[in-house]
Amino acid sequence: MKTMEENKDLQTPAAAEPQKPADAAAPAAKPAAADKPAAAAKPAAARPQPKPEVPGENEIKPRLVELSALHDEMKRMRDEEKMDFLELITGVDWGEEGLGCVYNLWSTETGRREYVKAVCADRDAAFIPTVSDLWTIADIYEREVFDFYGIRFLGHKDMRRVFLREDWVGYPMRKDDKPEEQNPLNMENEVLSDTTVEYNRDADGRITETEHVVFAPDDYMVNIGPQHPSTHGVLHFRVALEGERIKKMDPKLGYIHRGIEKLNESYTYPQTLALTDRMDYLGAMQSRHALCMAIEKAASIEVSDRVQVVRTIMDELQRIDSHILFFSCLCQDMGATTAFLYGFRDREKVLDIFEETCGGRLILNYNMIGGLAADIHPNFQKRVKEFIPYMRKNLKEYYDIFINNVIARNRLIGVGRLSLEQVVSGGCTGPSGRASGWHNDVRKRQPYAAYGKVDFKEIVRTEGDSYARLLCRMDEIEQSLSIIEQLIDNIPEGPFQTKTKPIIKVPAGTYYSCVEGSRGEFGVYLESKGDKSPYRLHYRSTGLPLVWIMDTACRGELIADMMAINGTLDYVVPDIDR
Amino acid sequence: MAIRTKRPKIKNIPYEEFKDNETYEKLVAELNANGVNVVVKTLDDLFDWGRSNSLWPLTFATSCCGIEFMAVCAARYDIARFGFEVTRNSPRQADVILVNGTITHKMAPVLKRLYDQMADPKYVVAIGGCAVAGGPFTKSYHVVKGVDKIIPVDVYVPGCPPRPESFLYGMMQLQRIVKAENFFGTTNRKQKDPQTLSESLESIREVVDKQQEA
Amino acid sequence: MLDLASWTSAIHTWLLGLVPEWAAILLECVVVALLIITLYAVFAIVLIYMERKVCAFFQCRIGPNRVGKWGLLQVFSDVFKMLQKEIINMRKSDMFLHDLAPFLVVTASMLTFACLPWNKGGHIIDFNVGLFFMVAVSSIGVVGILLAGLGSNSKYPMIGSMRAGAQLISYEISIGITMLTIVALSGTMQISEIVQQQADNGWNIIRGHVPAVIAFLIYLIAGNAECNRGPFDLPEGESELTAGYHTEYSGMHFGFFYLAEYLNLFIAAGIATTLFLGGWAPLHIAGLDGFNAVMDAVPGAVWFIGKTFFVIFLLMWERWTFPRLRIDHILSLEWKYLMPISLINLLLMALVVVFGLGINV
């Protein structure tokens with residue numbers, strides 16, 4: 001009811017009173033009266049132009065680099081400017097301008113961010129030099145771009161489709177592609193090729209093709225997935241075995257590719273929110289937080305402190321929920337069924353808290369642009385305060401039943417070891433990367449919401465094996481509890497929803513925002529042309545790098561270790577496939 | 001021979017409290033259109049009782065609903081009370097496939113194959129909006145708009161994701177359907193697979209012939 | 001104490017009066033076979049129900065409670081379901097081996113089952129190398145499992161059965177040596193004789209004290225591994241190999257594997273009872289004559305089954321607590337720890353016997 005009234009309030013002045021039209025963009029600074037003139041002044045100044053002058057604070061201005069110089073420039077940035085973390089490659093269809101990619105780079109040393117843009121004007125034969133020899137994660141990012149935009153990367157060793165069927169026609173993310181018409185439902189089993197093609201440009205400027213063999217005919221192949229109990233969803237690993245040891249592994253994705261990014265291009269901004277929860281359903285709050293934050297910052301919508309604090313608490317509760325489920329699933333994979341149920345017992349308590357405030361158990365739909373869907377439930381604080389000591393007590397049981405068990409230790413310690421270089425180059429953020437000694441917590445490096453105000457530790461370990469990844473998450477549960485403890489009694493008063501325009505438009509530009517999701521950095525790349533729906537909305541999936549590092553982590557390990565490794569890397573498949 | 005209307009009893013829920021009894025009665029009438037063989041009636045009931053109380057699900061989940069399915073198996077909702085907790089990972093040993101989550105174009109042939117691999121009598125429960133009709137992704141280019149486009153569905157459980165209680169209710173509805181079936185004469189000969197050696201050789205020959213023509 | 005031997009001989013004499021000897025023996029064989037099959041089925045059903053309830057108990061759940069009172073009829077409905085499930089024949093599988101495998105597994109466990117001493121005089125198979133026979137027939141099961149993997153022409157069952165082969169053959173060594181330890185103590189391989197000695201002189205686990213306790217513990221570990229049960233359930237290791245060697249089996253063929261798994265559990269526990277816990281021998285405490293008389297009034301079969309179920313409970317506890325081991329850990333556990341320990345233990349037992357250090361009640 002309240003929201004509706006507010007909207008009515010909002011519509012009337014916007015239509016009738018030209019004095020404060022862009023109220024939506026200004027903060028609803030009801031408690032702080034002093035702010036009001038300033039807030040009113042801002043939109044007044046912006047009045048004459050159709051677009052406000054104030055740039056979104058998360059706006060990025062990618063630097064255009066010539067295609068011929070791209071590889072050298074990227075190499076220089078990596079080596080000389082210490083841009084060692086390739087955060088994201090986003091394929092974009094700029095229409096007339098051509099097809100291209102935006103590269104997000106982040107230096108783990110200095111914390112500096114760089115954005116590079118590469119455009120290829122020829123839509124029919126789009127070729128861009130690869131950077132997959134500089135960062136291993138570029139391997140999958142470039143294949144993704146190839147799959148959806150048809151851009152071929154020169155020098156990339158493996159230009160096969162990875163999300164869509166190998167016999168798929170067209171490139172669905174191109175603005176002029178009609179995927180439904182060209183690709184009716186095909187019930188034939190997909191034939192997977194064992195060879196791949198590498199494209200190169202020779203001295204004369206012609207494109208050459210080189211064939212590579214992925215699996216030789218005499219490899220002993222085992223298909224793990226798409227329907228397999230321990231791939232945590234529909235993921236397909238083609239594994240070449242030598243006895244029980246893994247020789248090579250080729251992940252096939254896309255069994256739950258739902259075309260969310262394409263759908264978003266036809267949805268209005270509030271509509272796009274609904275789909276974020278369904279990607280990483282164990283990080284529903286955080287993903288939605290990231291998208292809301294990206295839109296709010298881009299459209300200069302300020303949110304109240306209350307919202308920031310509630311969002312922080314919710315994010316942390318979600319993290320606890322996710323880490324408990326991680327523990328449960330790992331135990332299930334390792335055959336400790338009882339521990340699995342212990343985890344679920346405690347997870348239900350978190351879900352109870354969510355359910356009271358949000359109405360949902362798994363898909364929460366709580367964050368909205370400019371605030372929250374509803375205020376917190378009157379019981380919320382009481383319930384959370386009950387939960388904190390309960391969880392601390394039960395966390396000890398996890399150690400008793402599984403973590404300190406000698407069998408579990410033997411199976412996890414030293415298994416699937418990843419070095420610091422490997423995780424940085426492979427872009428494995430989150431606890432999986434921190435277990436190898438990489439300080440990558442977005443909450444610390446780039447505090448958002450209320451994280452700047454709370455005191456917590458970034459859990460970093462150096463072993464890099466499966467056991468370290470498990471312990472990392474267990475310690476993070478404790479840190480999350482402590483964050484919640486600090487905030488739960490200090491939720492400031494204020495509105496839970498800032499007044500926004502009925503139709504939210506983001507000023508033209510490119511924006512990037514990220515949050516620390518349950519399993520890594522979740523980023524939102526937003527490109528707007530000033531319409532009510534995004535021109536391109538791309539998510540930095542938290543799980544994609546984790547799946548891609550599987551091959552590195554599993555080589556030479558036993559097939560039983562694969563379950564331990566993918567259990568501890570902890571990815572969610574719908575988030576990978578989007 | 002009089003047509004016997006089956007009115008299965010589900011423990012603790014009276015018949016009237018089930019939703020959509022009209023559809024159910026239509027289904028029962030359809031299943032019993034040919035009447036029931038009096039000789040095997042009791043045996044029939046016995047088998048149906050056994051089958052309905054021992055529906056082992058295949059562990060199959062593509063997305064969010066799968067997590068709720070895990071919650072159903074866990075302590076608070078405890079699907080074991082109904083005897084459904086023996087989740088089988090091998091489709092050969094499962095009785096019912098719970099389609100938890102979105103089915104995409106790439107997954108569709110795999111799901112069909114899984115369904116074909118299951119041993120008769122087998123059932124399908126479509127769980128969640130995505131499996132029922134495509135859910136929030138119904139406009140997508142890569143999503144199957146409802147699993148009933150690929151495989152026959154017995155029970156639909158709406159929700160996004162459905163609450164664990166809906167899972168249980170859906171399973172109870174499936175129990176009612178199983179109890180309404182006549183095992184002898186219908187369920188046990190739903191379709192004929194190549195069973196004997198000569199039959200399977202025949203079918204292989206057909207496939208080979210087709211390939212050679214192509 | 002109830003002695004079944006007099007009953008059986010009375011029945012035999014009565015039959016001899018009616019029909020010629022060959023017919024009498026044939027008739028007895030048929031009756032005994034029917035008896036074994038019935039017992040086999042009954043125990044399987046009881047065990048499956050028990051497993052589901054015990055597992056629920058460990059996991060803070062309720063377990064089956066809707067079918068019949070307390071879910072007692074749950075397993076019956078499973079059996080009816082299983083009986084009418086389709087049996088799938090796959091193209092390109094070795095049909096003969098594929099269909100033979102479950103029968104081999106069931107036969108092996110039934111033969112072993114027949115060796116158990118139910119009561120005084122209540123043996124079905126009993127002769128001077130009884131233990132030897134028992135170990136021999138129980139090994140047929142491995143062949144069944146290997147054939148299941150081979151005949152399915154599928155990769156997961158193949159890996160599963162290879163693991164099973166390696167695991168079962170390894171652990172049979174420990175089982176054999178622990179059995180030898182008891183044979184050394186008893187001086188006989190005849191099962192009825194081993195139990196009779198325990199009834200007279202006290203249970204082996206007390207008579208043989210330290211070495212017997214060590215042997216008992218090793219037997220519990222190795223016995224669990226022999227049954228392919230958690231934490232040694234690698235051959236069917238669900239998270240890796242879907243359902244292991246029986247992935248491709250459906251209907252009653254799978255049902256046979258399922259039955260055999262539970263019966264093997266009963267057999268492993270039954271052997272532990274026979275060898276260490278006195279078989280059907282009642283609990284006697286020296287000096288308490290009244291107590292001993294009351295204990296004697298309880299039939300031997302009740303004692304045997306009671307003790308067996310106690311051991312089964314221990315094994316289930318183990319199963320529902322520990323995570324699964326890895327194949328190389330399993331093999332190193334056997335070859336590096338259990339086997340050397342049990343060999344030394346055998347030596348220890350020999351010393352105990354030679355120097356007469358055993359405790360005889």
Side-chain angles (χ1 to χ4, degrees), chain A residues 163-165 168 172 177-181 183-190 225-230 232-234 236 252-260 262-263 266-267 274-275 277-279 281-282 284 325 328-329 332 340-345 347-348 351 360-363 572-574 577, chain B residues 58-78 80 85 87-91 97 100-114 117 128-130 134-145 149-151 159-165:
Chain A
F163 286 98
L164 302 170
R165 285 175 68 111
W168 187 270
D177 191 69
K178 300 257 183 308
E180 292 93 341
E181 288 165 19
N183 299 283
L185 180 58
N186 184 356
M187 290 304 286
E188 292 290 313
N189 287 324
E190 189 185 357
Q227 142 63 18
H228 189 274
S230 66
H232 297 201
V234 278
H236 183 181
K252 294 296 237 183
L253 313 173
Y255 287 94
I256 185 76
H257 169 67
R258 300 182 282 200
I260 289 181
K262 179 83 173 174
L263 283 176
S266 60
Y267 282 2
L275 301 182
D277 283 24
R278 288 160 178 87
M279 291 192 307
Y281 37 74
L282 299 175
L325 197 98
S328 298
C329 290
Q332 175 80 329
F340 164 77
L341 279 112
Y342 276 40
F344 263 81
R345 176 194 60 186
R347 184 173 172 265
E348 289 290 341
L351 295 188
R361 282 163 53 86
L362 193 68
I363 306 292
V572 167
V573 183
D577 291 349
Chain B
L58 176 72
T59 43
F60 175 80
T62 60
S63 53
C64 341
C65 298
I67 305 290
E68 284 298 76
F69 178 63
M70 278 151 87
V72 179
C73 295
R76 188 181 290 188
Y77 298 98
D78 195 14
E85 89 274 34
T87 52
R88 303 306 313 177
N89 294 314
S90 165
I97 176 166
N100 291 306
T102 327
I103 299 301
T104 60
H105 282 209
K106 196 172 179 177
M107 192 64 196
V110 182
L111 175 67
K112 179 80 173 81
R113 197 154 143 193
L114 274 175
Q117 280 173 341
C130 301
F137 308 102
T138 186
K139 282 183 182 168
S140 167
Y141 58 89
H142 202 244
V143 168
V144 177
K145 279 107 197 141
K149 303 259 187 309
I150 318 168
I151 51 177
C160 190
R163 289 191 58 85
E165 290 88 341

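Numbers restart at 1 for each chain; the letters A, B, ... are given by sequence-line order, proteins then strands.
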Minimum heavy-atom distance A/Tyr267-B/Pro136, with the two atoms named = OH-O, 3.7 Å

note = To the nearest 0.5 Å, atom CG of A/Leu185 lies from atom NZ of B/Lys145 at 9.0 Å

message = What part of B/Ala71 gets within 4.5 angstrom of chain A, counting heavy atoms only: side chain, backbone, both, or neither?
response = both

key: Leading residue by heavy atom contact count with chain B [cutoff under 4.5 Å; candidates A/Val572, A/Asn186, A/Val234]   = A/Val234

key: Atom group of A/Asn189 that falls short of 4.5 Å from chain B, counting heavy atoms   = both

Part of A/Leu341 lying under 4.5 Å from any heavy atom of chain B = side chain

message = Would you say that A/Arg347 contacts B/Ile67 through its side chain, given a criterion of any heavy-atom pair below 4.5 Å between the two side chains?
response = yes

query = Which bit of A/Leu164 comes within less than 4.5 Å of chain B, counting heavy atoms only: side chain, backbone, both or neither?
reply = both

remark   = Separation between CD (A/Gln227) and OG1 (B/Thr62), nearest 0.5 Å, reads 10.0 Å

ask   = What part of B/Leu58 gets closer than 4.5 Å to chain A, counting heavy atoms only: side chain, backbone, both or neither?
value = side chain

key: Heavy-atom pair count under 4.5 Å with chain B, highest-scoring of A/Ala274, A/Gly254, A/Ala284   = A/Gly254

task = Just give me the residue among B/Lys149, B/Arg113, B/Lys112 that pairs up with chain A most often, heavy atom to heavy atom, under 4.5 Å.
result = B/Arg113

Side-chain (A/Glu190) to main-chain (B/Met107) donor-acceptor, under 3.5 angstrom = no

inquiry  = Could you check whether any side-chain heavy atom of A/Phe163 comes within less than 4.5 Å of a side-chain heavy atom of B/His142, counting everything from C-beta outward?
reply    = no

query = Do B/Tyr141 and A/Asn183 come close enough that some side-chain heavy atom pair is under 4.5 Å?
reply = no

request  = Check B/Ser63 against A/Pro574 and note the closest heavy-atom contact, atom names and distance.
outcome  = CB-CG, 3.6 Å

query = Do B/Lys139 and A/Ser266 have side-chain heavy atoms sitting under 4.5 Å apart?
reply = no

request  = Taking the side chain as every heavy atom from C-beta outward, state whether B/Pro109 and A/Arg165 have any pair of such atoms under 4.5 Å apart.
outcome  = yes

A/Leu275, part contacting chain B, at a heavy-atom distance under 4.5 Å = side chain

message = Using side-chain heavy atoms (C-beta onward) and a distance below 4.5 Å, is B/Thr104 in contact with A/Arg258?
response = yes

query = What distance separates B/Met70 CE from A/Ser328 OG, expressed to the nearest 0.5 Å?
reply = 7.0 Å

inquiry  = Tell me which of these, B/Pro91, B/Pro161, B/Cys73, B/Cys130, has more heavy-atom pairs under 4.5 Å with chain A than the rest.
reply    = B/Pro161

inquiry  = Could you tell me if the side chain of B/Lys106 sits less than 4.5 Å from the side chain of A/His257, heavy atoms only?
reply    = no

query = Which answer fits A/Ile256, side chain, backbone, both or neither, if we ask what part of it has an atom under 4.5 Å from a heavy atom of chain B?
reply = both

inquiry  = Nearest 0.5 angstrom please: B/Cys65 SG to A/Ile363 CD1, how far?
reply    = 8.0 Å

